[in-house]
2 protein chains.
Amino acid sequence: MNIGDVSSRSGLPAKTIRYYEDIGLIKPHRSANGYRCFAETDLHKLAFLGRARALGFTIEDCRTLMALYEDESRASADVKQLAQEHLAKIEEKIADLQAMHDTLGELVNCCAGDSRPDCPILKDLSGEG
Amino acid sequence: MNIGDVSSRSGLPAKTIRYYEDIGLIKPHRSANGYRCFAETDLHKLAFLGRARALGFTIEDCRTLMALYEDESRASADVKQLAQEHLAKIEEKIADLQAMHDTLGELVNCCAGDSRPDCPILKDLSGEG
DNA sequence: ATGAGGGTTCCAGTCAGGGGAAGGTCAAGG
DNA sequence: CCTTGACCTTCCCCTGACTGGAACCCTCAT
């Protein structure tokens, strides 16, 4: 398979696939003309990476997850720990965003949103709150 | 005031303050020795920027907000719209993170997390789910 | 032979700064 | 007078995970 086929079958942009090769996540062979030549296992890895990235794992997490996946003698505890740490980071981000949302939402509610200049949002930002 | 004073009074790192000057958000004067020389208004602007950034506004949003703040004849509707758009982006991010959280949380719950290799997390990532 | 539609490499940019080097300035202490 | 240490300056590279684009090569059909 050429990169275009792999791209459409995996859903990942060709640029991303080249980048993944660049950083050593996949190692496709090369055809005589210099084109990348992907096997089914490469496609499978890319799909794996796509799903892990969609769950928000960092590239380095993905590297670890792939290594665990390929290690038949892994302990599921290692996978679970990685996932739990990632889950904790997600929760932290949600909490941060939720705090922003609550504060900003309240300010928005207090703002008349008309043609007059008085604005509680600007007032709060300027520290007059 | 030198940059160190402004940094401790605004809570922003000196690096950040220099960066904000670089991109034209503030324009401190210079002393004879070349040091930046901040007035109270600069400090006020930096505090404004710090609060806006803490609410997750982008730098470009901050630029707009500052311009609105300094425009005495602004309409609060403009501020409100900007804030509402930002609020919508925050909500989108929260929803994305929440979806990741739910999916990953379920997988984590299903994983025994012991010394055996069987792992529903890896199974899901590999597409066997 | 030429054009379209693949592929390749490499360089630069994104966002919002952070890290650190090389060097200038200032006040206090010996 | 010299030095030390704390401060300041500019400059350039680094981050994550790509994305865009230039310049060029390969293959096939017209």
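Sequence lines set the chain letters: A, B, ... in the order given, protein chains first and strands last, and positions in each chain run from 1.
Distances from the side chain of A/Thr16 to the nucleotides D/dC18, D/dC11, D/dC8 place D/dC18 closest. Set against D/dT9, C/dG19, D/dT27, the side chain of B/Ile3 has D/dT9 as its closest nucleotide. Side chain of B/Lys15, nearest nucleotide from C/dG19, C/dG17, C/dC26: C/dG19. In this structure, of C/dG17, D/dC18, C/dT8, it is D/dC18 that holds the atom nearest to the side chain of A/Ile59.
The residue among A/Pro13 and B/Ala14 whose nearest nucleotide of DNA chain D lies closer to the 5′ end is B/Ala14. Nearest-nucleotide assignment on DNA chain D puts the 5′-proximal partner with A/Tyr20, out of A/Tyr35 and A/Tyr20.
Counting non-hydrogen atoms under 4.0 angstrom, A/Arg36 reaches the backbone sugars and phosphates but no base.
Although no hydrogens or angles enter the test, the distance criterion places no donor-acceptor pair under 3.5 Å between the side chain of A/Ser115 and the main chain of B/Ala75. Using modelled atom types, one side-chain atom of B/Asp5 and one backbone atom of B/Asn2 make a donor-acceptor pair closer than 3.5 Å. Not a single donor-acceptor pair under 3.5 Å links the side chain of A/Ser7 to the backbone N or O of A/Ile3.
Applying the side-chain hydrogen bond (donor to acceptor under 3.5 Å, both in side chains) criterion to B/Asn109, with sequence neighbours excluded, gives no partner residue.
Between A/Arg18 atom CZ and C/dG6 atom C1' there is a gap of 10 Å when expressed in whole angstrom units. Note: CD (B/Glu21) to P (D/dC11) measures 12 Å, nearest angstrom. The nearest whole Å value for the distance from the CZ atom in A/Phe38 to the P atom in C/dG6 is 16 Å. In this structure, A/Asn2 places its CG atom 11 Å from C1' of D/dT27, rounding to the nearest Å. In this entry the distance linking CD1 of B/Ile17 with C1' of C/dA16 reads 14 Å, nearest Å. Between the P atom of D/dC7 and the CE atom of B/Met1 lies a distance of 17 Å, rounded to the nearest Å. A/Phe57 has its CZ atom 20 Å from the C1' atom of D/dC18, to the nearest Å. Nucleotide C/dG5 holds its P atom 16 Å from the CG atom of A/Asp5, rounded to whole Å.
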*Kindly determine whether A/Glu21 and A/Arg18 satisfy salt bridge (charged side-chain N to carboxylate O under 4.0 Å, His left out), including the steps that lead there.*
CA-CA 5 Å; A/Glu21 181 188 17; A/Arg18 290 193 194 100; over 6 Å; no

_From CA spacing to verdict: salt bridge (charged side-chain N to carboxylate O under 4.0 Å, His left out), A/Asp118, A/Arg116_ = CA-CA 6 Å; A/Asp118 303 293; A/Arg116 290 172 299 171; 5.5 Å; no

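Residues B/Glu60 and B/Thr58 bring no donor and acceptor atom of their side chains to less than 3.5 Å of each other.
Under the side chain to side chain donor-acceptor pair (under 3.5 Å) criterion, the residue pairs touching residues 41-51 of chain A are A/Lys45-A/Glu70, with sequence neighbours excluded.
Side-chain N/O atoms of B/Tyr19 and base N/O atoms of C/dG18 include no donor-acceptor pair closer than 3.5 Å.
Comparing the axis of the opening five pairs of the helix from C/dA1-D/dT30 to C/dG30-D/dC1 with that of the closing five pairs yields an angle of 40°, rounded to 10°.
Contact annotation: A/Arg53 side-chain N/O to D/dG16 OP1/OP2 distance is not under 4.0 Å. Residue B/Asn33 places no side-chain N or O under 4.0 Å from the OP1 or OP2 atom of D/dC8.
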